[in-house]
Amino acid sequence: MSQAPDRMRVRVDHPAHHPHSEQSIDGVALLTLDRPEALNALDYQTMTELVEALERLDADGSCRCVVVTGAGEKAFAAGADIKQMAAATPVSLTVANDFARWERIRRIRVPIIAAVRGFALGGGCELAMACDMIIAADDAVFGQPEIRLGIIPGAGGTQRLTRAMGKARAMELILTGRNLPAREAEAHGLVTRVVAREQVVSEALGLAAEVAARPPLAVRAAKEAVNRAFELSLEAGLEFERRNFYLLFASADQKEGMAAFVAKRPPEWKGR
Ligand code: CAA
């Protein structure tokens, strides 16, 4: 089914309360890929809206954690939009350079949690892996099926799946394109936890609220440092960690966190 080009494909919500408890979820934004009739396939418009929404939230100091999920019953996202991509040429891909937008997701400083129900295939799996944590439904299915289309993953799949699961498993999944059920993804370290389908978004919002309640400078430094573990040598990664550890002692939140511990009272974070 075709859509009017001006229909928004990413919904942005700021839920005030956790859906299943009285827990405040201040500072948490929920982004929903909203193209269920195409299993939330990531066409260029959807990716543009997603990246722009993430950048807006990242620049807004009141947003402390983002949850990304997919609308509808069947999918988180079934990949890049195959119909849109089918006629591409190396020249059109190079000129448009749409896939460079994925780099912008990597530069988002606020933590992002993927809440995955149903299919997370191709670009959908790559998007989930570009997030910092994945909460998966027991019906979630991950995979990089690009080989079946005559291509390879193009938004990080060969790199992130290999880093997450190791060469032996990633190679099998990428060369065959087979699906990876949620429990297997959990066993191999791809996802943070698996919960019942109806609890996925609330579980992710609860986790996001917990992260949002932590001191934001330390959260951002921690996200960056963990990500460096994939990018740097151990020596350079340890050096990066130590410098950020020292740097946080310049923050009001470090003084507050330690003073509150000593005084046996809850800390009040200032974000500076
Ligand atoms: N792109 C465009 N449209 C898609 C799509 C995609 N990736 N995935 C699903 N759709 C569309 C289908 O064409 C269909 O539309 P119509 O109703 O207009 O025909 C609709 O979504 C529903 O899909 P199905 O009827 O196929 O649903 P199903 O339940 O029978 O099958 C599925 C579900 C197994 C996920 C199947 O849709 C599928 O295999 N999708 C493609 C998965 C894939 O190959 N993804 C990789 C894309 S390439 C990529 O992502 C490159 C990269 O690295 C960035």
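Ligands are counted one by one from 1 in listed order, and the atoms in each one are counted from 1 as well. The chain is numbered in sequence order, starting from 1.
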Self-check item: Region of Lys74 that comes within reach of ligand 1 [heavy atoms, distance under 4.0 Å]
Solution: side chain
Quiz item: Do Asp253 and Ser251 have side-chain atoms, one donor and one acceptor, less than 3.5 Å apart?
Solution: no
Considering only distance and modelled atom types, tabulate donor-acceptor pairs under 3.5 Å from the side chains of residues 86-99, sequence neighbours left out.
residue	atom	partner	partner atom	Å
Thr89	OG1	Val91	N	3.3
Thr89	OG1	Ser92	N	2.9
Thr89	OG1	Ser92	OG	3.4
Ser92	OG	Thr89	N	2.8
Ser92	OG	Thr89	O	3.0
Thr94	OG1	Pro90	O	2.6
Asp98	OD1	Arg101	NH2	3.2

Exercise. Check each of Gln144, Glu146, Lys83 against atom 15 (O) of ligand 1 and report the one with the nearest heavy atom.
Key: Lys83
Quiz item: Does Met85 reach ligand 1, in the sense of a heavy atom lying below 4.0 Å from it?
Solution: yes
Quiz prompt | Option passing side chain to side chain contact (heavy atoms under 4.5 Å, CB included) with Leu31 (candidates Asp13, Leu54, Thr69, Ile112) | solution = Leu54
Practice problem: Select one of side chain, backbone, both or neither to describe which atoms of Ala80 lie under 4.0 Å from any atom of ligand 1, heavy atoms only. | Solution: both
Quiz item: Between Glu126 and Arg160, is there a side-chain N and carboxylate O pair less than 4.0 Å apart?
Solution: no
Practice problem: Mind listing the closest non-hydrogen atom pair of Ala71 and Pro36 along with its distance? | Solution: O-CB, 3.9 Å
Self-check item: Polar proximity ligand 1 side, Ala41 side, N/O cut 3.5 Å exclusive
Solution: no
Quiz prompt | Presence of salt bridge, Arg104 and Glu55, under 4.0 angstrom | solution = yes
Quiz item: Which ligand 1 atoms, with their elements, are less than 4.0 angstrom from a heavy-atom of Gly123?
Solution: 49 (C), 50 (O), 54 (C)
Quiz prompt | Heavy atom of Glu37, distance to ligand 1 below 4.0 Å | solution = yes
Practice problem: Answer with yes or no whether Ala38 contacts ligand 1, where contact means a heavy atom under 4.0 Å from a ligand atom. | Solution: yes
Quiz item: For ligand 1, which atoms, with element, lie under 4.0 Å from some heavy atom of Leu149?
Solution: 44 (O), 47 (C), 48 (S)
Quiz item: Any idea which part of Leu42 is under 4.0 Å from ligand 1, heavy-atom wise: side chain, backbone, both or neither?
Solution: neither
Quiz item: Charged N to carboxylate O below 4.0 Å: is that the case for Arg11 and Glu49?
Solution: no
Quiz item: So, is Ile152 polar-close to ligand 1, with some N/O to N/O distance under 3.5 Å?
Solution: no
Quiz item: Is the backbone of Gly70 close enough, under 3.5 Å, to the side chain of Asn40 for a donor and an acceptor to pair up by distance?
Solution: no
Quiz item: Is there at least one pair of N or O atoms, one from Gly154 and one from ligand 1, spaced under 3.5 Å apart?
Solution: yes
Quiz item: Has ligand 1 got any nitrogen or oxygen that is less than 3.5 angstrom from a nitrogen or oxygen of Ala78?
Solution: yes
